[in-house]
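Input: a single structure, listed below in structure tokens.
Ligands are counted one by one from 1 in listed order, and the atoms in each one are counted from 1 as well. The shown structure was predicted, so the numbers you read here are calculated from the model rather than taken from an experiment.
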Amino acid sequence: MEKVIPLNLGFTKIYLLRTDSGYIQFDTGSKHNVKKYLRFLDDYNILPEEIKLIIINHAHFDHTGALKTIQKLTNAQVLVHENDEEFLVKGISAEAQPLTFLAKVLISTVPKSWTIYEPVEPDIVIQDEYSLYDFGLKAKVIHTPGHTLGTVAVVTEEGDAIIGCSAHGFPIRLRSGFPRVAMDEESVWKSWERIIGEGAEMIYISHGKPFRAERIKKKLRKRQSKIEKQTKK
Ligand SMILES: [Zn+2]
Ligand SMILES: [Zn+2]
């Protein structure tokens, strides 16, 4: 059985990571996704209490909306980066900055009522990185700001990297790549470098299909040579 289990909730994909002592969940989906989520648990024969930890990729409602409900159901601890903590505690979505026209249109269609959710007090608030060994997974959570300032990724020692919205497959594109929504583009590049530096081989994202890390490496190389050319001029 695979270690990384994607649960496709519709617009957002969340993940379950199988550990020696249960599961670690990556994101929760929006508040409208709970029924679908429960059906998935049922299909996979996973009991809610087997989920020991919920890692929040970042505090946008499509990743956190169902958090309170799922926290109650599973009794899992909740982990978030300190930069996105306040949004969880307030039950609101962090600011979203579209980088393309289509992303802007998409964001503008979201009703305000969707973006608020039941507040949650996190149990674990991280800064630079956090080991998941105590949760039975040879992996760590690393800070990968850019999409929001508190976005994180999980990278396992086997090379699976669950990076959430540090890459996007939307809106309408053939191949996932640079996020279409980001507070800080420069930070996204740096975070990509870090994800690769941690040994990522397979990349799993929240909106789009998984892809090989080579795609990110290529983009990083291209950018590097562009920068080098510019500095030579
Ligand atoms: Zn987001
Ligand atoms: Zn998202």
Side-chain angles (χ1 to χ4, degrees), residues 4 6-16 25-34 36-37 40 54-68 70 78-117 119-120 122 126 141-154 161-173 175-192 195 203-211:
V4 181
L7 308 185
N8 192 348
L9 299 177
F11 177 64
T12 307
K13 252 184 215 151
I14 67 170
Y15 293 90
L16 289 174
Q25 183 170 327
F26 187 90
D27 283 335
T28 70
S30 78
K31 56 187 174 189
H32 307 291
N33 290 151
V34 178
K36 216 171 188 177
Y37 165 79
F40 270 119
I54 300 167
I55 295 169
I56 297 301
N57 173 240
H58 67 282
H60 280 156
F61 72 96
D62 54 318
H63 300 251
T64 59
L67 179 57
K68 188 73 193 181
I70 294 177
V78 172
L79 179 151
V80 72
H81 187 271
E82 66 173 358
N83 292 349
D84 276 18
E85 179 190 10
E86 61 163 307
F87 304 107
L88 280 198
V89 174
K90 289 181 185 157
I92 56 174
S93 215
E95 196 188 326
Q97 188 166 267
L99 300 181
T100 65
F101 176 71
L102 266 177
K104 193 174 174 180
V105 171
L106 198 78
I107 288 175
S108 71
T109 60
V110 174
K112 182 111 203 280
S113 64
W114 287 17
T115 66
I116 48 176
Y117 51 93
V120 171
I126 73 154
V141 186
I142 56 173
H143 184 209
T144 51
H147 178 67
T148 67
L149 302 182
T151 300
V152 301
V154 174
I162 300 91
I163 72 166
C165 281
S166 288
H168 274 154
F170 85 94
I172 320 167
R173 57 204 289 196
R175 288 170 149 245
S176 302
F178 205 85
R180 293 312 204 200
V181 177
M183 293 301 288
D184 182 354
E185 292 181 56
E186 190 54 40
S187 293
V188 171
W189 289 108
K190 288 209 181 93
S191 293
W192 274 13
I195 290 161
I203 308 283
Y204 299 85
I205 61 176
S206 304
H207 312 292
K209 288 186 185 133
F211 57 89

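Remark: the backbone N or O of Asp27 is not paired with any side-chain donor or acceptor of Asn57 at under 3.5 angstrom.
The Zn ion (ligand 2) is closest to atom NE2 of His207 (considering only N, O or S atoms).
Residues forming a side-chain hydrogen bond (donor to acceptor under 3.5 Å, both in side chains) with Ser187 (at least two apart in sequence, or on another chain): Asp184. Taking His207 as the reference, Phe11, His63, His168, Phe170 meet the ring-ring contact (aromatic ring centres under 6.0 Å, His included) condition, with sequence neighbours excluded. With sequence neighbours left out, Pro210 forms a side-chain contact (heavy atoms from CB on, under 4.5 Å) with Lys13, Met202, Tyr204.
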Full working for side chain to side chain contact (heavy atoms under 4.5 Å, CB included) between Thr148 and Phe87: CA-CA 11 Å; Thr148 67; Phe87 304 107; over 6 Å; no
Side chain to side chain contact (heavy atoms under 4.5 Å, CB included) assessment of Val181 paired with Cys165: CA-CA 8 Å; Val181 177; Cys165 281; over 6 Å; no
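The Zn ion (ligand 1) has His58 NE2, His60 ND1, His147 NE2 as its protein N, O or S neighbours under 2.8 Å.
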